[in-house]
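The structure under discussion appears below in the form of structure tokens.
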Amino acid sequence: MNNDFEKAFSDFIDRREYDQAENALFAMVRIAFLAGWKAAGGNPPQPQKIFQIVHKKDISESAIETDISLKK
């Protein structure tokens, strides 16, 4: 392909609309896979936490690994 094509394609996939379409396509594939998984007798995945908010007071300074030294 030539450079004009590559530039146009790059501009196309950098758009918000492309991200939305890609996310929708991924969701449809996942839903279809899950339906097939269940139809084949598989157990559905258990809900999981995506992230957990941790407050600074809950973490001791020694529990955080870093190579940055903080001078007080």
Side-chain angles (χ1 to χ4, degrees):
M1 297 292 158
N2 63 28
N3 287 339
D4 291 339
F5 173 85
E6 294 300 332
K7 171 77 170 93
F9 184 66
S10 178
D11 291 345
F12 171 73
I13 63 174
D14 287 340
R15 296 176 57 202
R16 180 175 37 92
E17 292 85 359
Y18 175 82
D19 290 337
Q20 292 170 336
E22 183 181 39
N23 289 338
L25 181 58
F26 178 82
M28 289 187 299
V29 169
R30 182 167 168 73
I31 290 166
F33 182 86
L34 180 58
W37 181 268
K38 287 180 179 179
N43 294 324
Q46 297 299 314
Q48 298 178 9
K49 291 182 183 179
I50 297 174
F51 62 89
Q52 177 179 356
I53 298 174
V54 179
H55 297 281
K56 184 177 178 180
K57 66 180 181 167
D58 297 334
I59 304 172
S60 68
E61 278 190 36
S62 61
I64 301 172
E65 294 181 23
T66 180
D67 59 355
I68 301 172
S69 62
L70 301 173
K71 296 181 181 180
K72 293 182 181 180

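Bear in mind that the values here come from a model prediction, so they are computed numbers and not experimental data.
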Study note, to complete from the structure: Contacts of Arg16 meeting side chain to side chain contact (heavy atoms under 4.5 Å, CB included) (sequence neighbours excluded), chain-then-number -> Gln20
Point to revise | Distance-minimising heavy-atom pair for Tyr18 and Phe12 | key: CB-O, 3.5 Å
Exercise for review: Assess whether side-chain contact (heavy atoms from CB on, under 4.5 Å) is satisfied between Leu25 and Met28, documenting all intermediate values.
Suggested key: CA-CA 5 Å; Leu25 181 58; Met28 289 187 299; 3.9 Å; yes
Practice item. Would you sort out whether Phe5 and Asn2 count as a side-chain contact (heavy atoms from CB on, under 4.5 Å), showing the intermediate values? Key: CA-CA 5 Å; Phe5 173 85; Asn2 63 28; 3.4 Å; yes
Check your understanding: Looking only at heavy atoms, what is the nearest atom pair of Asp19 and Ile13, with distance?
Key -> OD1-O, 4.2 Å
Revision key, fill the gap. Applying side-chain hydrogen bond (donor to acceptor under 3.5 Å, both in side chains) to Asp14 and not counting sequence neighbours gives none
Point to revise | Under-4.0 Å salt bridge between Arg15 and Asp11 | key: no
